[in-house]
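For the single chain, residues carry numbers from 1 onward in sequence order. Just so it is clear, the values below take in all heavy atoms, side chains as well, and ignore hydrogens, waters and symmetry mates.
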Amino acid sequence: MTGNFKKDMLIDVIGVVDAIGYQQTGSGGKKLQVNFVLRDAANNTMNCTLWEDYAKQFFKFSEENASTSGPTVVLLLYAKVKEQGQYPLSVTNTFHVTKLLINPDLCSVKEFLNSFSKESLRTVSSQLSSHSQQYSRSSGSDNVRQSDTQKLLSKAVALPLSRIKQLREDTFCATVAKTRKIIASSYGWYYRCCHACTKSARGDKPPYECDNRHLTETEIYKYKIEVEGVHLETSCKLIFWDRECTQILGVSAAQMRDTMIQAGITDPLEFPLKLDAMTGLDLALRVRWQPSWDSCSVIMFVADKPFVKQFGAQWQPTQIKESVDEANTAAADDCDILTDLEITSKHNPDPQTPTAKRQNHDGSSESTTVCDGELSSTKLKKIIKLEKNK
C-alpha cells in the first residue's frame with residue numbers, strides 16, 4: 001500500500017469483499033468481468049478485477065450463497081499487481097497462473113477473520129448479502145435480458161440457415177440452430193493465442209509470434225470448436241470461439257488442456273468427452289456468415305428456450321412451403337420471371353456428380369445416374385475385337 005512493490009509482480013493477497021463495482025455478467029461484445037474492493041482489519045482497501053472464468057466463479061458463488069449470511073473472503077494466489085484507478089494498488093488474475101479461492105476452509109483464512117471485530121464483519125456481511133440477493137434476482141443462465149436480445153438483432157439480418165447459405169458476401173445474421181455434432185478439424189479444439197490480438201501465436205518455444213508480428217512470452221490457450229448446426233434439414237458449420245465455449249462448458253481452455261495432459265493425452269486432435277456438452281443445444285445465434293469459408297462465426301448466443309422457440313417461429317416449415325409454392329406459381333405464369341432460387345442456381349451451379357459404376361451379375365459394368373427423382377441405368381456395350389483377316 002505504501003508503493004513499495006514492483007509492477008507486474010505476482011503476489012498472494014487476501015481480503016474481505018467490502019464493495020462490488022462494475023460487472024459484465026452476460027454474453028456480448030465484452031469479456032466477463034467483475035470489480036470489487038478487498039479490505040483488511042486495518043481498513044486498508046485494494047481494488048480487485050477478475051476476468052472471464054475467474055469472474056464466472058465469483059458470479060456462481062454469489063448466486064449460490066445469496067441467502068446465506070457471513071463475510072466473503074477472497075484469496076488470490078499469484079495475483080498480478082497493477083497501478084490503476086483511484087486506488088494506489090490493484091490486483092487482477094492472469095490467464096491461467098492465478099488461483100482463486102473463495103471462503104476456503106484454511107487456517108490462514110480463519111486467522112485473518114479473527115483479526116476483524118464482530119461489528120465490522122456484520123456490516124460487511126449485510127452489504128454483500130444485499131448485493132447477492134439482487135444479483136440472484138437479476139441474473140441466471142436461463143433468463144434473457146433485454147440488452148442481450150437487442151445485441152442479437154442489432155445490425156443483423158434475421159434469416160434461416162437455408163437463406164444464409166445463399167448469401168455471397170460476409171453478412172451479420174441472427175438465426176436459430178440446433179447443435180448436432182462436433183466437427184473434428186485438423187487443428188484440434190484449442191489454439192495458442194497472441195496476447196495482443198486474436199490470431200494464433202506459433203512457435204516451438206517463447207517468444208511465440210503471430211501473423212501480425214506480435215511476440216508473446218506466455219502460453220495463452222483459447223477454444224476454437226467447429227460444430228454442425230441444423231435447422232429445418234439445412235446444416236451449416238458453426239465456429240464457436242473462446243468466450244462462448246467457456247460459457248457453455250464452464251471451464252477455460254487452459255484448464256481443460258491441463259486435465260487432458262494429466263490424463264496422459266497431449267495430442268490436441270484428441271477431443272475430450274466434455275465437449276459433448278456443446279451438442280444438442282437449441283440456440284438463437286448472432287453470427288457472421290463467411291461464404292469464402294462456408295461457415296458461420298458465432299458472435300453471441302441466447303439459450304433461453306422460450307425465446308429461441310419464439311424467435312424461430314417465423315421460419316416454420318409451413319410458411320416456407322407457402323412462399324416456395326407462390327414463387328413456383330409466379331414462375332409458371334410468366335417465363336420471364338426468375339425466382340431467387342433460380343438466380344442463385346445460375347450463379348452457383350451445382351457440381352456435376354460423377355457417374356458411379358457397379359458390377360452386374362453377368363460381369364458387365366453399369367452406370368447409374370439420378371435425374372429428376374428417377375433412376376436410369378445404361379449398360380456399357382462390349383467392344384469386340386475383329387481379326388485382321390476379317
*Indicate whether the side chain of S108 and that of E111 have a donor and an acceptor atom separated by less than 3.5 Å.*
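On atom types as modelled, these side chains do not qualify, holding no pair under 3.5 Å.
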*Between the side chains of Y54 and E52, is a donor N or O closer than 3.5 angstrom to an acceptor N or O?*
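Their side chains do not contain a donor-acceptor pair, so the 3.5 Å distance test is not met.
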Quick check: does any side chain N or O of [X] sit under 3.5 Å from a backbone N or O of [Y], one acting as donor and the other as acceptor?
{"X": "T259", "Y": "Q255", "result": "yes"}
{"X": "T246", "Y": "S252", "result": "no"}
{"X": "N212", "Y": "H214", "result": "no"}
{"X": "D12", "Y": "Y78", "result": "yes"}
{"X": "T179", "Y": "M278", "result": "yes"}
{"X": "W189", "Y": "A184", "result": "no"}
{"X": "K237", "Y": "E226", "result": "no"}
{"X": "K165", "Y": "D294", "result": "no"}
{"X": "S200", "Y": "Y191", "result": "no"}
{"X": "R180", "Y": "V227", "result": "no"}

*Work out which heavy atom in S186 is nearest to a heavy atom in L269; give both atom names and the distance.*
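Of all heavy-atom pairs spanning S186 and L269, the closest is O-CD2, 3.4 Å.
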*What are the two closest heavy atoms between C193 and T216, and how far apart are they?*
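For C193 and T216, the tightest heavy-atom pair comes out as O-CG2, 4.3 Å.
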*Heavy-atom count around Q310 CD within 6.0 Å, excluding the residue itself: above 12?*
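No, not enclosed.
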Side-chain touch [X]/[Y], heavy atoms, less than 4.5 angstrom:
{"X": "E217", "Y": "P207", "result": "yes"}
{"X": "L38", "Y": "D18", "result": "no"}
{"X": "C210", "Y": "C197", "result": "yes"}
{"X": "D40", "Y": "F112", "result": "yes"}
{"X": "L50", "Y": "T92", "result": "no"}
{"X": "F172", "Y": "W289", "result": "no"}
{"X": "R243", "Y": "Y223", "result": "no"}
{"X": "I299", "Y": "V287", "result": "no"}

Euclidean distance, [Y] [atom2] relative to [X] [atom1], rounded to 0.5 Å:
{"X": "L75", "Y": "L101", "atom1": "CG", "atom2": "CG", "value": "5.0 Å"}
{"X": "Q290", "Y": "S297", "atom1": "CD", "atom2": "OG", "value": "5.5 Å"}
{"X": "D105", "Y": "K110", "atom1": "CG", "atom2": "NZ", "value": "4.5 Å"}

Going only through I, L, V, M, F, W and Y residues with side-chain contacts under 4.5 Å, is there a path from [X] to [Y]?
{"X": "F61", "Y": "V13", "answer": "yes"}
{"X": "L249", "Y": "W51", "answer": "no"}
{"X": "V230", "Y": "L285", "answer": "no"}

*Might you work through the side-chain hydrogen bond (donor to acceptor under 3.5 Å, both in side chains) test for D53 and Q57, ending with a clear yes or no?*
CA-CA 6 Å; D53 188 55; Q57 294 179 37; 3.2 Å; yes
_Electrostatic pair K222-D242, nearest N-O below 4.0 angstrom_ =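 Here K222 does not pair with D242 in a salt bridge, since their nearest N and O are not under 4.0 Å apart.
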*Using the six-membered ring wherever Trp is involved, compare the ring planes of F311 and F307 and label them parallel, tilted or perpendicular (cut-offs 30° and 60°).*
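If you compare the ring of F311 with that of F307, the planes turn out parallel.
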*Within 45° of the six-membered ring axis of Y208 and under 6.0 Å from that ring's centre, is NZ or CZ of R202 located there?*
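Checked: cation-pi criterion not met.
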